[in-house]
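These notes concern the structure reproduced below.
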Amino acid sequence: MDQNLRVLFDRAIADEPDLPLVDLVDDAVAAGNGLRRRRQRLVATGVAAVIAVAAVGAVNVATPPQRSAPPPTVPAAFGTLVNRACQAPADETATDAAVYLAPEITDQQRAVIKHGLDADPAVGTVVFQSREEALEKLKKVYADTPELVDHIVPSQLPESFRITLVVRTQYAELAERAKRLSGVDEIIGIDCPAGTSASAVD
Amino acid sequence: MAAARWGAARRREQTAQQAEFTAFVETAAPRLRRTAYLMCRDWHLAQDLTQTTFAKMYANWGRIRHTANLEAYSRRVLMNAVFDQNKRHSAAEVVLAELPEGSPQRPDDTTELHIALLQALAALPIRDQAIVVLRHWEDQSVEAVASTLDVSVSVVKMQNARALTRLRSLLGQDFVRI
């Protein structure tokens, strides 16, 4: 019986069409990256949502609700939230950089910037950091003094692309190119000694 | 310069992972696609299911690449993709093409037996189909099937026997002929 089944199954797949294998790898990489990003976003958004709800509750109890516009984002100050072993902002040479996006960034601008960075020969890796992820980082950095960050909501923080450079001496030129992209607010170089990560919280 | 070396090492590592993944896809794809086809009887859907499987594996590649048995892992991901697809499909279409009891659609002599087998297989519950395909097409042990489907060994044995009995009754005498 087992043998029969095996033979029948063999015959059943005999009409297998020629489907390209090459596309499978590319498609899987693209879709897999999408899955990974979505998962990271879900986690970050979930954390941010809980924090936001808690913050709103605290504000309502402690002070009359403020409906005024949120304070403007301050990328330059935020840029200093990097590993203390690294130097930031770095002007001439940098191993990493944070490309901060304008608060009113459109999806199209963001896509163009991402594409520009991906295609740039000086750029190694490009990782998008959402407002929620930025807040999460901030919370980790100020874990000891949570009252400083309790009332910050994601919309007050800028989105950014965290990039690594192939060669650190190319930073000045890259910064010039990146600044010209529409929707880029600021680019901050981060110069790290070998073996350290630019992030303050990883 | 040390920093540049560090960056280069990281890029090399990524390239190595990418190459590993590509090699895995190339060796595993034909098998997964055929298994998927036997489960869904549609080559294009089988290709989609295979792609879903690889996408899910790529999303976790850094973690799973050193897993002892990537093949077993891929079978598990594929079967879950098949079950998901089946669930969505049955939710969308209220009436399933279930063969009516009592009229087991015996194949006449003009029907190719392997087509009759696939039709009979389609009449089984989806998890029974998975057991039959894994056991008798992928040649997996009862233990391996149990771990792929997250059920006990005795469940696999029982449902496999039940499925084979059902197939036999659907295919009738022709089954012995081959």
Side-chain angles (χ1 to χ4, degrees), chain A residues 1-40 85-87 90 93-96 122-125 163-171 190-198, chain B residues 1-11 14 18 21-26 28-30 32-35 37-38 41 43-44 46-48 50-62 112-118 121 132-133 135-139 164 167-168 171 175-178:
Chain A
M1 170 100 185
D2 289 13
Q3 205 46 49
N4 292 347
L5 269 178
R6 174 84 212 199
V7 171
L8 286 175
F9 280 142
D10 269 335
R11 255 199 255 160
I13 59 153
D15 66 337
E16 181 174 11
D18 255 341
L19 293 165
L21 275 184
V22 190
D23 297 354
L24 263 179
V25 176
D26 293 344
D27 291 353
V29 167
N33 279 330
L35 280 177
R36 191 154 41 183
R37 269 196 302 274
R38 201 174 328 148
R39 196 169 51 206
Q40 284 162 353
C86 307
Q87 197 215 326
T93 61
T95 53
D96 299 69
V123 174
T125 58
I163 60 179
T164 60
L165 277 86
V166 179
V167 181
R168 58 201 280 269
T169 49
Q170 288 175 347
Y171 171 69
I190 305 162
D191 207 7
C192 295
T196 56
S197 154
Chain B
M1 282 331 285
R5 262 206 310 281
W6 174 67
R10 226 170 74 167
R11 283 163 68 77
Q14 277 169 353
Q18 198 80 21
F21 181 73
T22 305
F24 173 72
V25 169
E26 274 163 8
L32 283 177
R33 196 161 58 199
R34 286 167 194 160
T35 299
Y37 172 76
L38 293 176
R41 298 156 290 276
W43 281 112
H44 285 283
Q47 174 88 349
D48 287 352
T50 308
Q51 206 233 300
T52 305
T53 302
F54 286 132
K56 287 189 173 156
M57 291 185 74
Y58 186 75
N60 295 314
W61 192 248
E112 291 262 25
L113 199 51
H114 63 268
I115 297 173
L117 171 65
L118 288 195
L121 194 63
V132 172
V133 170
R135 275 290 280 139
H136 305 285
W137 159 252
E138 291 240 34
D139 269 334
L164 290 186
L167 285 180
R168 225 176 259 126
L171 290 168
F175 203 39
V176 190
R177 199 183 61 192
I178 198 93

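Only this structure's heavy atoms are used, side chains among them; waters, hydrogens and symmetry mates stay out. In the text below, chain A, chain B and the rest are named by the order of the sequence lines, each starting its count at 1.
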Interface residue of largest heavy-atom contact number with chain B, from D10(A), L165(A), T93(A), D15(A), under 4.5 Å: D15(A)
Considering all heavy atoms, the nearest F54(B)-A28(A) contact: CB-CB, 3.5 Å
Side chain to side chain, Q47(B) and L24(A), heavy atoms closer than 4.5 Å: yes
Between CG on residue D27(A) and OG1 on residue T50(B), distance to nearest 0.5 Å: 12.0 Å
Nearest heavy-atom neighbours spanning A59(B) and L35(A): CB-CB, 4.0 Å
pair F9(A)-L117(B): side-chain heavy atoms closer than 4.5 Å: yes
Toward chain A, the part of F21(B) with a non-hydrogen atom under 4.5 Å: side chain
Pick from G34(A), A30(A), P17(A), G124(A) with the largest number of heavy-atom pairs that fall under 4.5 Å of chain B: P17(A)
Verdict with reasoning, D139(B) to R6(A), per side chain to side chain contact (heavy atoms under 4.5 Å, CB included): CA-CA 9 Å; D139(B) 269 334; R6(A) 174 84 212 199; 3.2 Å; yes
Stepwise side chain to side chain contact (heavy atoms under 4.5 Å, CB included) check, R33(B) with I13(A): CA-CA 10 Å; R33(B) 196 161 58 199; I13(A) 59 153; over 6 Å; no
